[in-house]
K.L.:
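Dropping a structure here in structure tokens format, bear with me for questions.
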2 protein chains.
Amino acid sequence: MFKKVLVAEDLDSISIAVVQVLEELQVPVIHHVKYCDEGLLKIKKALADKEPYDLLITDLSFKSDHRKVNLNSGDELVEAINKVQPNLKKIVFSIEDKSYRIKTLFNELGINAYVSKGRNSITELRNAIESTFNNGEKILSSDLSFNFNDKSLIEIESYDISILKLLSQGYILESISKEFKDLSITPNGTSSIEKRINKLKIYFKANNNVHLIAIAKDFGLV
Amino acid sequence: MFKKVLVAEDLDSISIAVVQVLEELQVPVIHHVKYCDEGLLKIKKALADKEPYDLLITDLSFKSDHRKVNLNSGDELVEAINKVQPNLKKIVFSIEDKSYRIKTLFNELGINAYVSKGRNSITELRNAIESTFNNGEKILSSDLSFNFNDKSLIEIESYDISILKLLSQGYILESISKEFKDLSITPNGTSSIEKRINKLKIYFKANNNVHLIAIAKDFGLV
DNA sequence: GTAATCCTTACGGAAACCCGTAAAGCGCCA
DNA sequence: TGGCGCTTTACGGGTTTCCGTAAGGATTAC
């Protein structure tokens, strides 16, 4: 079993249960942090001391409070860790169940397992830890209904997200076009952007922009 | 201390910690349900058996799965319970931190305490349970930044929420007007509705309807 | 009973959207 | 080089939003 595990989770009510699982699995060294920044620090320190962690279990969203932080989310934490210890095994344990977000975790951040917090997630988490230790096959919570190889949502790329983000911030078409030109994102003609928005509206069955943004918010795209 | 407590919480990772707290407080009977429907059933059963619960600790949002349910949220659960056992003490334990939603919990559903899930929420929860038992003063998590007596958000009423809901579903002004006429909600002239939307836009500093809905989603109003 | 005030509704013009069509730009290939 | 297909951009007209002004109706004040 793993020898040294780091848990990054802000909610104390949840970290208690996670640590319990690790204790049951007889992990000798279990550390727990409530902020992503702390997590990165511990990883770096352990590396410097030649006693690196061999597993990270992290949440995605962290509450913000008075404290100033550099890393705001589990995504950012993993990204930062990948730069210093890319071979670290990583399990994400989060409430998030939107396929779009989870896919990027596997594809772009190279996580080893995703467990969605739910009614039987502790068992799932235990299984994910064991499987991750034993081989290396990617693990996805069984209660997630989407097919991992489904192409449908992967089509929505960062370009679309950028448009949706700006729309949700009250930008009008012309302002978006200008913004894209400044950032040299193409295509950036008002007409092209309009067409892309139209595709999104068809895809999400939205009647108009207001409806589209409401749906995008529900899907966690923005 | 309380003699019989019901915990309604779908995430197993959290309920473990909540039950632990109750055990530490030496509550003799602790029951736990993962669905709101089950919760209402248990409350009714206990009443019929003349062994009613004296405290409810509930989450607000419950994940939906394959199971068909009548009650979808903690709000609905409390509302249903109030009809059968209005004197039951109620503590809400949730991640929600939007003042609008929490205020209605106190004012309309008569909960006794609100504890927001956070980095030290287990301690807060323990305190809330003890205070609720000892007197009856309303308890609000200390880390919630808003002032409970602040009038600002209370101004937004169900009429505004209705408008925002329909907007977020892609309705145009005229359709909203028609819908309101059907439901005999007044005022229902397109002009009046338009004016109300305008007030909301000023209040939330939104540039346009799209922006407004994005903000409303962030605030958890819809 | 009349005036003042507030709320609701109506109206109109400018801006932004929605949606179809057509032109311009660009790579590819013969 | 010229033609083909694809993407990007431009244009135009209808619809909806956006925003100010004003009329009609109800309630309150005196």
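Here is how names work: the chains are called A, B, and so on, in the same order as the sequence lines, proteins then strands, and each is numbered from 1. Everything numeric in this text was worked out from a predicted model, so none of it was measured.
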K.L.:
Determine, stepwise, if the pair B:E9 / B:K117 fulfils salt bridge (charged side-chain N to carboxylate O under 4.0 Å, His left out).
P.N.:
CA-CA 12 Å; B:E9 166 68 59; B:K117 288 172 184 166; 3.1 Å; yes

K.L.:
Can you give the first and last nucleotides of DNA chain C, 5' to 3', that have an atom under 4.0 Å from a heavy atom of chain A?
P.N.:
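Both ends considered, the range comes out as C:dA16 to C:dT21.
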
K.L.:
Would A:S116 and B:K63 count as having a side-chain donor-acceptor pair, cut-off 3.5 Å?
P.N.:
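Judged by distance alone, the side chains do pair up.
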
K.L.:
Rounding to a whole Å, what distance do you find between B:H211:NE2 and D:dC18:C1'?
P.N.:
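About 16 Å, once rounded to whole Å.
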
K.L.:
Does A:E130, at its CD atom, have more than 12 non-hydrogen atoms belonging to other residues, nucleotides or ligands within less than 6.0 Å?
P.N.:
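More than 12 within 6.0 Å, yes.
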
K.L.:
Find which nucleotide of DNA chain C each of B:K181 and A:N207 is nearest to by heavy atoms, and output the residue with the more 5' nucleotide.
P.N.:
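Taking each residue's closest nucleotide, the earlier one in sequence belongs to B:K181.
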
K.L.:
I need the CD1-P distance between B:I163 and D:dT17, as an integer number of Å.
P.N.:
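Distance check: B:I163 CD1 to D:dT17 P gives 13 Å.
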
K.L.:
Is there a donor-acceptor pair closer than 3.5 Å between any side-chain N or O of A:N112 and the backbone N or O of A:I91?
P.N.:
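No, A:N112 side chain to A:I91 backbone: no donor-acceptor pair under 3.5 Å.
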
K.L.:
Where the side chain of B:S131 meets the backbone of B:A128, is there a donor-acceptor pair that is under 3.5 Å apart?
P.N.:
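Absent.
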
K.L.:
How many Å lie between CG on A:N209 and P on D:dC18, as a whole number?
P.N.:
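One finds 11 Å between P of D:dC18 and CG of A:N209, rounded.
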
K.L.:
Taking the side chain as every heavy atom from C-beta outward, state whether B:F62 and A:R119 have any pair of such atoms under 4.5 Å apart.
P.N.:
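A side-chain contact exists here, since the closest heavy-atom pair is under 4.5 Å.
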
K.L.:
Any N/O pairs under 3.5 Å between the protein and nucleotides 20-27 of chain D? List them or say none.
P.N.:
residue: D:dT21; atom: O4; partner: B:K195; partner atom: NZ; Å: 3.2

K.L.:
Between protein and nucleotides 13-16 of chain D, what N or O pairs are separated by less than 3.5 Å?
P.N.:
none

K.L.:
Considering residues at least two apart in sequence or located in another chain, which fulfil the ring-ring contact (aromatic ring centres under 6.0 Å, His included) criterion with B:Y35?
P.N.:
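B:Y35: no ring-ring contact (aromatic ring centres under 6.0 Å, His included) contacts found.
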
K.L.:
Could you give the CD1-to-P distance, from B:I197 to D:dC19, as a whole number of Å?
P.N.:
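After rounding, the reported distance stands at 12 Å.
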
K.L.:
Just by distance, do the side chain of A:S192 and the backbone of A:N188 share a donor-acceptor pair under 3.5 Å?
P.N.:
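Not confirmed, A:S192 side chain does not pair with A:N188 backbone.
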
K.L.:
Of A:R196, A:K201, A:K199, which meets salt bridge (Lys or Arg N to Asp or Glu O under 4.0 Å) against A:D160?
P.N.:
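Single pass found, and it is A:R196.
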
K.L.:
Among all residues two or more places apart in sequence or in another chain, which pass the ring-ring contact (aromatic ring centres under 6.0 Å, His included) test with B:Y171?
P.N.:
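Expected list: none.
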
K.L.:
Check the distance between D:dT8's C1' and A:F180's CZ and give it to me in whole angstrom.
P.N.:
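The distance from CZ of A:F180 to C1' of D:dT8 comes to 14 Å, rounded to the nearest Å.
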
K.L.:
Would you tabulate the side-chain donor-acceptor contacts of residues 38-46 of chain B under 3.5 Å, counting partners in other chains and residues two or more places apart, or write 'none'?
P.N.:
residue: B:E38; atom: OE2; partner: B:R67; partner atom: NH2; Å: 3.4
residue: B:K45; atom: NZ; partner: B:D49; partner atom: OD2; Å: 3.0

